[in-house]
Protein chains: 2
Amino acid sequence: MSQTLRLPEILELARETGKVAVEDLAAHFGVTVQTIRRDLSELAEVGQLDRVHGGAVLPSGITNLGYEERRSLNQPAKRALARACANDIPAGACVFLNIGTSTEAVARELLHHNDLMVVTNNMNVASILAPNTNCEIIMAGGVLRRADGGLVGSLTTRMIAQFKFDYAVIGCSALDQDGDVLDFDFQEVTVSQTIIAQARQTFLVADHSKFQRHAPVRITSLSKLDRFYTDLALVPPLATACKTWQTDVRLCA
Amino acid sequence: MSQTLRLPEILELARETGKVAVEDLAAHFGVTVQTIRRDLSELAEVGQLDRVHGGAVLPSGITNLGYEERRSLNQPAKRALARACANDIPAGACVFLNIGTSTEAVARELLHHNDLMVVTNNMNVASILAPNTNCEIIMAGGVLRRADGGLVGSLTTRMIAQFKFDYAVIGCSALDQDGDVLDFDFQEVTVSQTIIAQARQTFLVADHSKFQRHAPVRITSLSKLDRFYTDLALVPPLATACKTWQTDVRLCA
DNA sequence: ATTAAAACGAACATATACGAACATATATAT
DNA sequence: ATATATATGTTCGTATATGTTCGTTTTAAT
């Protein structure tokens with residue numbers, strides 16, 4: 001049996017009794033304890049289980065959707081962008097955070113802000129920000145996309161349309177040299193467009209790697225955004241274009 | 001704080017009777033009393049238990065039970081109810097699960113159902129059911145209540161009003177001998193009433209301990225519900241009343 | 001108050017679980 | 001078929017949990 005088959009079953013066993021023991025699992029699957037340890041480490045890294053001596057237990061507290069990329073979130077570049085963006089959000093603001101690891105990074109940096117109202121269609125943002133009790137969290141409804149804990153669809157759009165945000169912080173899948181902001185999922189694009197329409201100011205957070213990727217659906221253009229947080233200087237033509245558009249490009253080390 | 005497989009079980013045992021004895025625990029786990037003392041010290045340090053000579057007791061019950069406490073209360077009974085309820089939900093159904101540890105238990109038992117559409121205002125339900133890829137999950141939006149991961153408020157009500165469910169599975173805080181279904185939070189009650197209004201059939205899942213508790217706000221009456229899953233026979237007057245109301249009472253071992 | 005029994009916490013010794021590094025088997029791609 | 005990647009087994013030094021001992025504190029009975 002391969003690892004990919006074991007992990008779900010381990011989770012299932014854990015959910016039944018709340019805990020699993022390394023030795024038991026090793027016997028159950030007929031593998032060495034070391035293999036089980038590796039399995040548990042992976043599940044713990046993704047937040048599905050809490051590792052304890054001798055086994056693992058279900059994590060306490062609210063919501064933990066599985067999400068692979070959690071380790072890469074500590075990338076210093078992404079964090080710098082997120083911090084810069086969070087610094088520009090004042091206390092008392094009403095802010096929207098949408099789907100994406102970049103916005104989740106911003107959520108992390110907002111953990112110590114006061115008196116915020118955060119609206120989001122990202123389950124991970126909600127669970128990241130939950131510990132900040134100075135912050136009211138409002139979930140937009142919608143269809144759950146398991147891949148990333150995002151909520152999408154017309155329900156989401158309609159709910160967002162009922163708000164007016166001081167700031168919208170959005171991410172994207174890719175960026176074109178001509179300033180077009182792109183995404184993979186059509187449904188998400190509709191949501192993003194609604195967000196932008198309802199926000200007094202819109203911030204895009206995207207590191208330079210997004211310029212090397214391509215995606216099929218156009219969300220908007222940098223020309224329509226108020227600020228763009230990134231980590232490397234733009235190519236000269238786009239930089240001058242942004243000047244013309246009065247799009248504030250913030251380079252963050 | 002270091003972690004042990006024993007700690008969650010100690011808490012569970014403590015919640016059943018209100019107290020635990022060092023000697024009993026040592027015998028139960030097959031370890032020395034010294035080890036148990038260390039465990040209890042850790043739990044006391046985090047405030048989960050109060051240490052006393054010879055054992056430990058639950059921290060003084062000033063407040064309502066917290067979410068984690070409720071979750072581990074009456075686990076086996078809750079699971080039996082949940083399983084019975086889940087068995088009555090056919091494939092292809094559109095079902096609503098609301099806030100509460102009982103409905104979360106139902107969600108767990110729905111993990112292997114096929115072709116479901118589940119709507120919920122409970123973040124925990126969403127993350128419990130997420131592994132079931134045969135199931136479409138729709139979150140109702142709303143204000144996040146940190147205590148239990150519930151979404152409440154007028155946003156939630158309005159979103160729910162847009163649906164029509166085949167089945168609604170609801171929980172409650174307390175049950176009166178005259179058949180009134182009660183809850184603590186006014187906001188949640190409004191949500192529950194909307195759910196009932198939008199459902200073709202409504203199932204209540206509540207173990208017998210709910211009859212011993214009291215809560216201020218009335219959600220509805222058993223007379224308006226289609227089925228009631230519980231674990232102990234009702235008092236005779238209520239049982240006959242349910243017959244008159246055609247409320248199907250299911251006793252689950 | 002006095003006293004004995006039980007329970008406690010600290011300190012140390014031992015057993016066990018742990019992760020890293022490497023070797024080997026299995027699956028996947030070329 | 002061969003090469004490469006991935007998963008698993010093996011070994012070993014380290015970290016952590018547990019058991020043991022012992023002096024002190026609490027409890028309860030006189």
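The shown structure was predicted, so the numbers you read here are calculated from the model rather than taken from an experiment. Just so you know, these numbers use all the heavy atoms, side chains as well, and skip hydrogens, waters and symmetry mates.
Taking atom CZ of residue A:Arg37 and atom C1' of nucleotide D:dT10, one finds them 12 Å apart after rounding to whole Å. One can place CD of A:Glu23 at 5 Å from P of C:dA17, the figure rounded to the nearest angstrom. When the P atom of C:dG9 is taken as reference, atom NE2 of B:His53 falls 9 Å away, rounded to whole Å. For the pair B:Leu5 CG and C:dT16 C1', the computed distance is 13 Å after rounding to whole Å. B:Asp39 places its CG atom 10 Å from the P atom of D:dA17, with the value rounded to the nearest Å. Distance B:Arg6 CZ to C:dA17 C1': 13 Å, rounded to the nearest Å. The separation between B:Arg38 atom CZ and C:dA11 atom C1' is 10 Å, rounded to whole Å. Note: CG (A:Leu7) to P (D:dT6) measures 16 Å, nearest angstrom.
Defining each end axis of the helix from C:dA1-D:dT30 to C:dT30-D:dA1 as the rotation carrying four pairs' C1' atoms onto the next four, with five pairs an end, the two axes are found to diverge by 50° to 10 degrees.
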Indicate every side-chain donor-acceptor pair of residues 186-196 of chain A with a distance under 3.5 Å to a residue at least two apart or in another chain.
residue: A:Glu188; atom: OE1; partner: A:Arg145; partner atom: NH1; Å: 3.2
residue: A:Glu188; atom: OE1; partner: A:Arg145; partner atom: NH2; Å: 2.6
residue: A:Thr190; atom: OG1; partner: A:Phe186; partner atom: O; Å: 3.2
residue: A:Ser192; atom: OG; partner: A:Asn98; partner atom: ND2; Å: 3.4
residue: A:Ser192; atom: OG; partner: A:Glu188; partner atom: O; Å: 3.2
residue: A:Gln193; atom: NE2; partner: A:Ile219; partner atom: O; Å: 3.1
residue: A:Thr194; atom: OG1; partner: A:Thr190; partner atom: O; Å: 2.9

I would like to know whether B:Tyr167 and B:Phe96 meet ring-ring contact (aromatic ring centres under 6.0 Å, His included); could you show each step before the answer? CA-CA 6 Å; B:Tyr167 305 94; B:Phe96 190 96; over 10 Å; no
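At a cut-off of 3.5 Å, with distance as the only test, a side-chain donor of A:Ser209 or A:Asp207 sits close to an acceptor on the other residue. Side-chain contact, B:Lys210 with B:Ser173: no donor N or O sits under 3.5 Å from an acceptor N or O.
Scanning both residues, B:Val118 and B:Leu97, for their nearest heavy atoms gives CG1-CD1, 4.1 Å. Between B:Asn121 and B:Ala140, the shortest heavy-atom contact is CB-CB, 4.1 Å.
Within residues 26-36 of chain B, the residues having any heavy atom under 4.0 Å from DNA chain D are, by residue number, B:Val31, B:Thr32, B:Gln34, B:Thr35.
Taking the side-chain hydrogen bond (donor to acceptor under 3.5 Å, both in side chains) definition, one finds that A:Arg213 meets it with nothing, sequence neighbours left out. By the salt bridge (charged side-chain N to carboxylate O under 4.0 Å, His left out) test, B:Asp88 is found to be paired with B:Arg227, B:Arg250, residues two or more places apart in sequence or in another chain being considered. Qualifying side-chain hydrogen bond (donor to acceptor under 3.5 Å, both in side chains) partners for A:Arg51, counting only residues two or more places apart in sequence or in other chains: none.
Within the 4.0 Å cut-off from OP1 or OP2 of C:dG9, at least one side-chain nitrogen or oxygen of B:Arg51 is found.
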